[in-house]
Amino acid sequence: MENLNQLLAIRRQKLQKLKELEIDPYPNRSKRSHKIKNLWENKDKFVESEQKTVITGRLTGMRRQGKVGFGNISDESGRIQIFVRKDNVGEDNYEVFKLLDLGDFVQVEGNCFITKMGEYSIRAKEVTILGKSLRPLPTVKEKEVDGKKQRFDEFSDIELRYRKRYLDLLLNPESRDNFIIRARIIREIRNFLNSRDFIEVETPILQPLYGGAHARPFTTHHNTLDIDLYLRIALELYHKRLIVGGFERVFEIGKNFRNEGMDRTHNPEFSMVELYQAYADYNDMMDITEDMILHIAKEVFGSEKINFHGTEILLKKPWQRTSMLDLIKEETGFDASDFDFEKIKVFCDEHKIEIPPAAGPGKLIEEIFGRFVESKLIQPTFVIDFPKEVSPLAKEKPGNPELTERFELFINGNEYGNAFTELNDPLDQRERLEAQAKLRELGDAEANVVDEDFLEALEYGMPPTGGLGIGIDRLVMLFTGNTSIKEVIFFPQMKPEM
RNA sequence: GGGGGUGUAACUCAGCGGUAGAGUAUCUGCCUUUUAAGCAGAGAGUCGACGGUUCAAAUCCGUCCACCCUCACCA
């Protein structure tokens, strides 16, 4: 056997003792009669009737005093004290009780009562082990001080919390709450879109070509077909095929994978909701974005405001809609609306903005926007009319061949969504993708690739369509007040431990 | 990738050239209404890893690893 430290060895010894007593430490069956929350909800009734109740859960506290002992049992719904007295459970069962450790799963049969100290508890008739824990759970004790819970020990090491999320969830209620809120947000996204007659679809994660965003992919290999496949970087191109196929409103909630840098707002796999609506444009997408986020705010939080570390964010409609060029002008006084490449380059040089290889004026405008404007956009803002150069899937803005009908949503200085009036002209789309392919040759590893299958689909005809993508992780961060994406993803990507 | 920080017992941390510490947890004893239970005692560590300096290194130096912050990059 491996070299076990003292704490692990002691638990294995207890496991052995249970087996010697012919107690199964991992029985197949349990028989819970109530969730702990139910007992609290009908406290008086349970105390008065003294009815038999059976709870199950993890042993999360233990105060033994010789022939009597108190413990805490926690299940998903709550926590309650158990009172175990040798005279009540019998000598044999008390031996079992004495072999229990914090972290063990147990079943307690008994009846509810109020202790001398006034605590609602279960007086045990029998304690059954449901699952022996062989590792010590980090201990977190708390005490109520003026109605506030004061914690005395913590499980707070960030790295451990991410690597052993199960312990984090067990020991840090705030972390658990983040994920409950995440689930509610996703549920409300679904409810909202279902109520608007969108149908939920599933499209390939493994794709022979990737597209729909500007990013490097993960590559994998299918053995039987003997071809390389890519993990999707966006949902876009398959959803458009579905619009070609006659669906008028589709959405998908799922993961995208981008083989790029990681920081506190980027995880290599992240969740998006994308939706496509035929006979709609980017103005409709702005409306739906406002409505959807407002719906979440109201349903999950009952408020039209978010307080993010003291910054009050007002979600009340309508949100500001301003063009990228106007925002740049407001912030810097620089007017780039003539797309004069030389003039814009001079501005970039003056402000030490690096000029990427193969960049045209549109790319530089986007860089300028990123440098000067993004972080200033605290209240929800639709930044509209992106340069065509950086928007190969968006339809040109009527009257200005340099711009597209595209927006990104910014809140609190971060990007939350991206949407276009989708390009449905197959010949224009081909030209744009071919231009992207040229950029690839010039060294832009993130440029789109020409997807002939997608182009062919467009040639059969796609109605005018609006499309929208919203980053779910970031939305959850916004609503839960988290500044790291790792706090809202159960198992964020980490380097393997050596 | 640059800069800064952190890494010591199961957890949270102190120690920062001279025998590895505390609280909680664990174990033993006492305790039949405790709740951060209490009292008495005990055990528990590759001080992130590897090198170097030194009579002596958790401590100083170097390299590496992981994590955090920050800047850059990144649709």
Side-chain angles (χ1 to χ4, degrees), chain A residues 3-11 13-14 60-72 79-89 94 101-103 113-121 123 133-145 149-164 167 171 212-216 233-234 236 256 258-266 268 270 272 352-354 356 363 366-367 369-371 374 386 390-394 406 408 415-418 444-448 469 471 483-484 486 492 494-498:
Chain A
N3 206 8
L4 297 176
N5 81 20
Q6 188 192 31
L7 296 174
L8 302 193
I10 286 166
R11 293 209 173 198
Q13 283 164 19
K14 289 184 183 175
T60 52
M62 181 62 102
R63 296 170 292 283
R64 292 183 210 275
Q65 332 171 25
K67 297 184 181 65
V68 68
F70 294 88
N72 297 329
R79 187 176 78 189
I80 193 165
Q81 176 170 270
I82 60 167
F83 171 60
V84 183
R85 190 162 67 167
K86 197 171 183 179
D87 290 351
N88 292 347
V89 298
Y94 202 75
D101 285 305
L102 293 184
F113 76 114
I114 310 280
T115 65
K116 276 183 190 165
M117 295 299 286
E119 173 131 358
Y120 185 49
S121 307
R123 182 187 289 114
S133 161
L134 295 180
R135 285 180 183 270
L137 228 40
T139 37
V140 176
K141 292 193 170 188
E142 45 183 45
K143 179 190 186 180
E144 294 242 348
V145 179
K149 278 188 179 160
Q150 190 181 342
R151 227 176 283 171
F152 286 85
D153 283 284
E154 291 187 296
F155 181 69
S156 56
D157 184 282
I158 292 175
E159 185 175 355
L160 275 184
R161 287 183 47 236
Y162 297 158
R163 288 195 193 276
K164 302 187 194 300
L167 295 180
L171 300 167
H214 201 87
R216 276 177 290 173
I233 59 171
E236 173 128 0
N256 288 334
R258 296 187 185 175
N259 204 342
E260 295 184 337
M262 292 165 58
D263 60 29
R264 62 180 202 292
T265 55
H266 295 84
F270 63 100
M272 295 267 291
K352 300 204 166 59
I353 292 173
E354 208 176 310
K363 179 68 185 165
E366 197 185 31
E367 297 279 328
F369 171 79
R371 163 74 74 84
E374 276 190 26
F386 275 55
V390 296
S391 311
L393 301 164
R406 171 184 175 188
E408 285 188 351
E415 183 201 333
Y416 288 86
N418 185 15
D444 183 351
E446 290 155 1
N448 279 266
T483 51
S484 170
K486 290 189 168 77
M494 303 285 276
K495 278 201 190 176
E497 288 173 291
M498 300 304 287

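Just so you know, these numbers come straight off a predicted model, no measurement behind them. So you know, we letter chains A, B, ... as the sequences are listed, proteins then strands, and number each from 1.
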Does NZ or CZ of A:Arg123 lie under 6.0 Å from the centre of the six-membered ring of A:Phe83, at an angle within 45° of the ring axis?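 Because its charged atom misses either the 6.0 Å distance or the 45° angle limit, A:Arg123 does not stack over A:Phe83.
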Straight-line distance of A:Glu366 CD to A:Ser391 OG, nearest 0.5 Å: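 Rounded to the nearest 0.5 Å, the CD-OG separation comes to 7.0 Å.
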In Å and rounded to the nearest 0.5 Å, what is the CZ to CE distance from A:Arg163 to A:Met494?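 It comes to 4.0 Å.
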According to the Watson-Crick and G-U wobble definitions, with both distances under 3.5 Å, which nucleotide is paired to B:rG7?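 B:rC65 - that is the nucleotide pairing with B:rG7, both distances being under 3.5 Å.
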Would you mind telling me which of B:rC67, B:rC27, B:rA10 lies closest to the side-chain atoms of A:Asp101?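 Closest of the options to the side chain of A:Asp101: B:rC27.
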Charged N to carboxylate O under 4.0 angstrom, A:Glu354 versus A:Lys352?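 Result for this pair is no, no salt bridge flagged.
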At under 4.0 Å between heavy atoms, what does [X] touch on the DNA or RNA strands: base, sugar-phosphate, or nothing?
{"X": "A:Lys352", "result": "nothing"}
{"X": "A:Glu415", "result": "nothing"}
{"X": "A:Asp263", "result": "base"}
{"X": "A:Arg216", "result": "nothing"}
{"X": "A:Leu7", "result": "base"}
{"X": "A:Glu142", "result": "sugar-phosphate"}
{"X": "A:Leu171", "result": "nothing"}
{"X": "A:Glu154", "result": "sugar-phosphate"}

Taking atom [atom1] in both [N] and [M], what distance in whole Å separates the two?
{"N": "B:rU53", "M": "B:rA58", "atom1": "C1'", "value": "16 Å"}
{"N": "B:rG48", "M": "B:rG15", "atom1": "P", "value": "15 Å"}
{"N": "B:rG23", "M": "B:rC30", "atom1": "P", "value": "23 Å"}

With nearest nucleotide decided by heavy atoms, which residue, A:Ala215 or A:Arg123, maps closer to the 5′ end of RNA chain B?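 Going by which nucleotide is closer to the 5' end, it is A:Arg123.
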Name the residue closer to the 5' end of RNA chain B, choosing between A:Thr139 and A:Glu119 according to the nucleotide with the nearest heavy atom.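 Checking each residue's closest nucleotide, the 5'-ward one belongs to A:Thr139.
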Verify salt bridge (charged side-chain N to carboxylate O under 4.0 Å, His left out) between A:Glu142 and A:Arg79, making sure each step is shown before the conclusion. CA-CA 13 Å; A:Glu142 45 183 45; A:Arg79 187 176 78 189; 3.8 Å; yes
